[in-house]
Every structure is written in structure tokens, then in C-alpha cells.
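Following: one structure in C-alpha cells, then a few remarks.
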Amino acid sequence: MALTEELLFDQQGRIINPNLRNYRIPTAADLPLIEVFLVEQADPYGPFGAKGVGEITTNCTAPAIANAIAHATSIRLRQLPMTPERVWRQLHR
């Protein structure tokens, strides 16, 4: 999401990259090895004590990358994905 995913629209508002060939999403091959530490603690609001964990990694990644870019370059990107082209354009403004 932070580096590759972007829906593109034409002038009429139609999606111009509607399939996975044109819409780049990361796969397992693009990711580093991740070590998972499960903390088993019931959630009083989830069904049978379950809690969601599917989006935990996506909530912090984009801000962390934006902060790293800002720390390294003194520019603040506020649009996803944060591509090399967008960083380059901001550096040359």
C-alpha cells in the first residue's frame, strides 16, 4: 500500500488499472521474512473472544516509510504510494 498500490482513474472517473496485471500489489516474494509473536489474550468485543490481526501491519507501515523519507530528505510525502518518482519530484521543487 505504501509503496506500490494505486488505483488510477481516467477523466470520466473510470478505473484504468482494474486488474492485477496493471495494479501492482506486493506478494510474499516482495516481503522480508517476518517473525510472528502471538499474544493470546481474548477480546471481550470479538466473537468468542477473537480479535482481528489482518490489518495491523498495514496501519503502521505507510507512516513509518513517510517518516523515514522525511528524516532522510526533509520532505513530507502525503500521497500513497510513495514512489521514487514522487520523492524525486518533491526533491526538485
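All residue numbers in this chain count up from 1 along the given sequence. Small disclaimer: the values here were computed from a predicted structure and weren't measured.
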Approximate separation, where rounding is to 0.5 Å, of [X] [atom1] and [Y] [atom2]:
X     : Y     : atom1 : atom2 : result
Thr4  : Asp30 : OG1   : CG    : 7.5 Å
Leu91 : Ser74 : CG    : OG    : 9.5 Å
Ile65 : Leu3  : CD1   : CG    : 4.0 Å

Margin query: Contact between Arg93 and Ile75 at the side-chain level, heavy atoms closer than 4.5 Å - yes or no?
Written below: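 Counting from C-beta outward, Arg93 and Ile75 never come under 4.5 Å.
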Item checked: Greater than 12 external heavy atoms within 6.0 Å of Tyr45's OH ->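 Count not over threshold, so no.
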Notebook entry, point to check: Are more than 12 heavy atoms from other residues, nucleotides or ligands located less than 6.0 Å from atom CD of Gln12?
Noted result: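 Enclosed.
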Listed pairs under 3.5 Å, donor-acceptor, residues 77-84 side chains, sequence neighbours left out:
unit_1 : atom_1 : unit_2 : atom_2 : d
Thr83  : OG1    : Glu85  : OE1    : 3.4
Thr83  : OG1    : Arg86  : N      : 3.2

Notebook entry, point to check: Are the side chain of Asp10 and the backbone N or O of Ile15 linked by a donor-acceptor pair below 3.5 Å?
Noted result: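 Here the side-chain-to-backbone pair does not exist.
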Next item on the list: Check whether any side-chain N or O of Asp43 sits under 3.5 Å from a backbone N or O of Gly49 as a donor-acceptor pair, and report yes or no.
Entry: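 Not confirmed, Asp43 side chain does not pair with Gly49 backbone.
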Notebook entry, point to check: Run the side chain to side chain contact (heavy atoms under 4.5 Å, CB included) check on Gln90 and Thr73 step by step: do they pass?
Noted result: CA-CA 10 Å; Gln90 287 288 49; Thr73 64; over 6 Å; no
Check: Going by the ring pair (Phe, Tyr, Trp, His ring centres under 6.0 Å) test, which pairs reach into residues 61-82, not counting sequence neighbours?
Finding: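 Residue pairs with at least one partner in residues 61-82: there are none.
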Checklist line | Atom of Pro63, atom of Cys60 and distance for their closest heavy-atom approach | finding: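 Taking Pro63 first and Cys60 second, the nearest heavy atoms are CD-O, 3.4 Å.
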